[in-house]
Amino acid sequence: MADNDKKNSALKAASLVESDMVVGLGTGSTANYFIEAIAERKNNEGLKVTTVASSIVSARIAKQYGLEVVAIENLSSIDIYVDGADEVTADMTLLKGRGSDLVREKLLANASQQFYVLVDDSKLVKNIGDNFPIPIEVMPFAWQMVLTDLENSGGVGGLRENASGDGLAVTSHGSLVLDMHFNDKSSDELNSLLNAAPGVVEHGIFADLATTVFIGKNGIVELLKK
Ligand code: 5RP
């Protein structure tokens with residue numbers, strides 16, 4: 001059911017895309033449904049869009065579907081960025097970053113006129129950090145100092161391992177990732193703390209960026225808007 005709900009939210013968002021838009025493509029299982037749906041609209045209806053990808057993975061998938069993908073460095077703004085999330089609060093703050101491209105994801109979210117977030121209702125939380133640690137991209141040489149700094153602010157965690165568990169996760173920018181829990185801090189406090197921490201490249205709290213959240217639940221899609 002959860003996968004159908006993810007797909008339904010992706011289909012709803014894809015139905016709102018118009019020809020000549022520049023569309024940002026997110027990363028993950030839900031974003032993949034959206035990429036597939038856009039490709040179907042291109043093939044069936046002649047929808048003409050230019051896309052920009054938030055990761056090497058989503059660029060490859062989009063190209064396999066025959067979508068035009070332009071490099072991020074060729075664009076200064078985009079019309080719609082569409083991506084999944086790991087957690088969403090009632091005020092539309094997001095936690096993202098189970099993938100490894102937080103820099104691109106936040107850049108696209110910030111540069112887009114509309115940022116559509118696709119989730120099923122299992123992603124709704126009361127507080128950021130309820131279900132997942134906060135992903136924090138750090139410069140490789142800085143990780144120990146950043147870890148100590150964040151531990152001094154009440155954080156607990158460590159370096160993320162790669163998928164096979166035989167090494168460390170490395171982002172497409174060559175950063176390492178700390179996954180940290182903070183029990184006693186609001187998302188606002190965490191956002192400020194991580195924005196100001198030396199050695200942090202980017203982090204997974206996306207505040208004041210989402211414009212619409214598409215929530216798939218039991219076969220229907222509810223919209224949460226700013
Ligand atoms: C990647 C992300 C994903 O959007 C997030 O992890 C959700 O993934 P999925 O759609 O597979 O549940 O933030 O960095």
Side-chain angles (χ1 to χ4, degrees), residues 1-14 23-38 51-62 72 78 80-89 92-112 114-125 128-138 159-163 168-180 187 190-191 194 200-217 221 224:
M1 183 52 100
D3 250 28
N4 282 343
D5 287 333
K6 285 181 175 185
K7 186 170 183 176
N8 288 340
S9 66
L11 292 178
K12 176 75 182 165
V23 181
L25 306 174
T27 305
S29 59
T30 322
N32 288 347
Y33 286 128
F34 175 79
I35 299 172
E36 190 183 345
I38 289 297
T51 70
V52 55
S54 66
S55 67
I56 294 163
V57 176
S58 57
R60 285 192 62 189
I61 294 169
I72 207 164
I78 61 180
I80 307 182
Y81 175 49
V82 185
D83 201 353
D86 300 305
E87 296 182 347
V88 180
T89 61
M92 294 170 65
T93 302
L94 316 176
L95 185 69
K96 289 183 51 55
R98 300 321 300 163
S100 296
D101 279 289
L102 277 171
V103 173
R104 287 197 214 201
E105 289 185 357
K106 205 174 276 187
L107 201 55
L108 291 183
N110 190 57
S112 58
Q114 300 288 324
F115 175 21
Y116 291 172
V117 180
L118 314 177
V119 294
D120 61 48
D121 65 330
S122 71
K123 306 287 184 77
L124 303 179
V125 295
I128 289 297
D130 278 356
N131 294 340
F132 290 99
I134 316 296
I136 303 157
E137 271 197 52
V138 292
L159 286 170
R160 185 185 292 182
E161 293 189 348
N162 64 17
L168 296 174
V170 179
T171 72
S172 63
H173 299 274
S175 310
L176 298 175
V177 182
L178 294 169
D179 281 317
M180 306 279 298
S187 60
L190 283 175
N191 195 31
L194 297 173
V200 169
V201 179
E202 194 48 271
H203 61 84
I205 298 174
F206 285 47
D208 292 324
L209 288 169
T211 53
T212 309
V213 181
F214 295 70
I215 307 162
K217 184 181 176 186
V221 180
L224 198 58

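Both ligands and their constituent atoms are indexed starting at 1 by order of listing.
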Kindly write out the residues that satisfy side chain to side chain donor-acceptor pair (under 3.5 Å) with Ser54, not counting sequence neighbours, or none if the list is empty.
Thr27
In a check of side chain to side chain contact (heavy atoms under 4.5 Å, CB included) between Val201 and each of Leu102, Val177, Ile136, Val103, which one passes?
Val103
Please confirm whether the backbone N or O of Leu118 pairs with a side-chain atom of Lys123, one donor and one acceptor, at under 3.5 Å?
no
For Phe115, check ring-ring contact (aromatic ring centres under 6.0 Å, His included) against everything at least two apart and list the hits.
Tyr81
Dump the pairs for me: ligand 1 N or O, protein N or O, distance under 3.5 Å, to 0.1 Å.
unit_1, atom_1, unit_2, atom_2, d
ligand 1, 4 (O), Thr27, O, 3.1
ligand 1, 4 (O), Asp83, OD1, 3.4
ligand 1, 4 (O), Gly84, O, 3.2
ligand 1, 4 (O), Lys96, NZ, 3.1
ligand 1, 6 (O), Asp86, OD1, 2.6
ligand 1, 6 (O), Asp86, OD2, 3.2
ligand 1, 10 (O), Ser29, OG, 3.4
ligand 1, 10 (O), Thr30, N, 3.0
ligand 1, 10 (O), Thr30, OG1, 2.5
ligand 1, 11 (O), Ser29, N, 2.9
ligand 1, 11 (O), Ser29, OG, 2.6
ligand 1, 12 (O), Lys6, NZ, 3.0
ligand 1, 12 (O), Lys123, NZ, 2.8
ligand 1, 13 (O), Lys96, NZ, 2.8
ligand 1, 13 (O), Gly97, N, 3.0
ligand 1, 14 (O), Gly97, N, 3.4
ligand 1, 14 (O), Gly99, N, 3.0
ligand 1, 14 (O), Glu105, OE1, 3.3
ligand 1, 14 (O), Glu105, OE2, 2.9

Contacts of Lys96 that satisfy side chain to side chain donor-acceptor pair (under 3.5 Å) - sequence neighbours left out
Asp83, Glu105
Check: Leu25 and Phe34 side chains under 4.5 Å, non-hydrogen atoms:
yes
